[in-house]
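As structure tokens, the structure follows; a few thoughts come after it.
In this text, all values refer to a predicted model and were calculated from it rather than measured experimentally.
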Protein chains: 2
Amino acid sequence: MAVPIDLDRPPVDRGSGVSLWRQIAERIECEITTGAYPPGSLLPSESELTERFGVNRHTVRRSLAVLAEKGLVRSVKGRGSFVEEAPLPYPIGRRVRFSENVMAAGRAPRGRLLGVATVVDAEPTRRLGLPARTPLLRIEMVSSANGVPLSRSTSWFEAARFAGLEAELQRTGSVSRAFAAHGIADYARLETAISARLADPAEQELLELPTGRVVLVVEALNADADGRPIQVQRTRFAADRVHLVVNS
Amino acid sequence: MAVPIDLDRPPVDRGSGVSLWRQIAERIECEITTGAYPPGSLLPSESELTERFGVNRHTVRRSLAVLAEKGLVRSVKGRGSFVEEAPLPYPIGRRVRFSENVMAAGRAPRGRLLGVATVVDAEPTRRLGLPARTPLLRIEMVSSANGVPLSRSTSWFEAARFAGLEAELQRTGSVSRAFAAHGIADYARLETAISARLADPAEQELLELPTGRVVLVVEALNADADGRPIQVQRTRFAADRVHLVVNS
DNA sequence: CCCGATTTGTACGTATGTATC
DNA sequence: CGATACATACGTACAAATCGG
């Protein structure tokens, strides 16, 4: 039995044995890799894709879910589906400059301050070499490049020494600049430990990651020009948006 | 109504509102953290735990599954359930000595050669700075400490220069010693890139990981004393058994 | 090299308490 | 109140891997 098909635009092949969502996913993946949709760009909306392929929106959504699972696209509620950028090379060396790193890759860095608290916490206090129960400033941030969240970091500073740091941080979104305003022109890493695990729900939310994604955890101890520890920092990078480069 | 209980050994509290598997899991976790079962040791068998807690084997299995999910124990078919060791600090610097690293942590290193092949592969050839289509030796290994698999690595060498390398590798299980036998007394890292992702099924098998676990992927380019690239290596570490330490 | 004992992994089935509609 | 779904707990059997003799 011959099947009459509208040959003008045969976007999907019904009854070919290949499910529609798979055909559509492969088609979009092909268009992404060939450059029709460049990294960082917005895909057509689900309704537009629905119309283009002549299928139900559920089918398009399943295709996009597959691509999101593969890490090729990222769907954001209320905005649309974006093509993921190539992983950003992030140098892990003596120098620590998030903004410089991101700008060097030709992307626009942004730091957003989530919250500040004065806390007493034994672990970071010990690593900073301070007496037990010294009050610390704990700062929570999210950093992004080209609007794509890259990392979620928690930092601890001695509260007495860095009083008011959060104001500068809030204004500039840059740790380097906030340090500069406190008379710290230069600082470097003393220790760095790297591990990895699944992102927890809070990280999924803030980094706009689907469930089951991995974060690279970088625990760093930073010191001023005299080698005195000033910052303990735990950064969680979205592992499929960054790879760490050790420059030895 | 008073419930008569055998007070001689009340290992679990039935009808307390807390499920038996949870009580047992917490009990075993407590005994692990307090040192009753030291890292690397064998837990009592499921039958013994069944008898001790007076429950069905399924219930004990569920408790162990919870602890395995948390990364505290690791069950091996035919052998038993082991208490996981603390993550091994693994230095990522100029020097590359797996055996030294592991021995420095007081554990017994072991390298097992999985396979050797002569291949032509564009990517590693380019990184080694060799002409296109140069034959390469590709070597697959698994390394372990105290019998616990830590990493799975793939290495590429120029086949002409390192002919017969696999024999030495097979005998010693050590890349350093195999290099030494080829007149390379010293070598160091040129580049290192670190990423992370979920372990694929083959890696789960070889690294004895449950599904859903994470591997740290370290891509390294190693060079001889003259700075000439000699080895491209991709190592996948079980992320909950090592953390990488960058010594800058 | 095989054999049997031990141990974990998997698959059935059954019963019961609890929460929800 | 009944119907339904779900988690919990127990029973049994067998498969697969390991280890010692």
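Residue L20(B) is in sugar-phosphate contact alone, with no base atom involved, counting any heavy-atom pair closer than 4.0 Å across all strands shown.
For dT7(C), neither phosphate oxygen OP1 nor OP2 lies less than 4.0 angstrom from any side-chain nitrogen or oxygen of S81(B).
Among the nucleotides dT8(C), dA9(D), dG11(D), the one closest to the side chain of R61(B) is dT8(C). Side-chain proximity of N56(B) to the nucleotides dT8(D), dC10(D), dT10(C) is greatest for dC10(D). With dT8(D), dT18(D), dA16(D) as the choices, the nucleotide that has an atom nearest any side-chain atom of R79(B) turns out to be dT18(D).
For dT10(C), the base has no donor-acceptor partner in the side chain of H58(B) [N/O atoms by modelled type, under 3.5 angstrom].
If you measure from atom CD of Q204(B) to atom P of dG9(C), you get 14 Å, rounded to the nearest angstrom. Atom CZ of R57(B) is separated from atom C1' of dC10(D) by 13 Å (rounded to the nearest Å). Atom C1' of nucleotide dG11(D) and atom CZ of R62(B) are separated by 18 Å, given to the nearest angstrom. One can place CD of E46(B) at 12 Å from C1' of dT6(C), the figure rounded to the nearest angstrom. The nearest whole Å value for the distance from the CD atom in E48(B) to the P atom in dT8(C) is 9 Å. Between the CZ atom of F53(B) and the C1' atom of dC10(D) there is a distance of 17 Å, rounded to whole Å. Taking atom NZ of residue K77(B) and atom C1' of nucleotide dC14(D), one finds them 12 Å apart after rounding to whole Å. Protein atom CD of E51(B) is 14 Å distant from nucleotide atom P of dG11(D), rounded to whole Å.
The 12-atom threshold is not exceeded at CD of E205(A), counting heavy atoms of other residues, nucleotides or ligands nearer than 6.0 Å.
Using Watson-Crick or G-U wobble geometry with both donor-acceptor distances under 3.5 Å, dC10(D) finds its partner in dG13(C).
L43(B) is not listed as a side-chain neighbour of F82(B), based on a closest heavy-atom distance of 4.5 Å or more.
A donor-acceptor contact closer than 3.5 angstrom is absent between the side chains of T235(B) and S153(B).
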Only distances under 3.5 Å count here; give the side-chain donor-acceptor pairs of residues 154-162 of chain B to other protein atoms, sequence neighbours excluded, each with its distance to 0.1 Å.
unit_1: T154(B); atom_1: OG1; unit_2: E140(B); atom_2: OE1; d: 2.8
unit_1: T154(B); atom_1: OG1; unit_2: R236(B); atom_2: NH1; d: 3.1
unit_1: S155(B); atom_1: OG; unit_2: Q231(B); atom_2: NE2; d: 3.0
unit_1: R161(B); atom_1: NH2; unit_2: D224(B); atom_2: OD2; d: 3.4

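Partners of E46(B) under the salt bridge (charged side-chain N to carboxylate O under 4.0 Å, His left out) rule, at least two apart in sequence or in another chain, are R57(B), R61(B).
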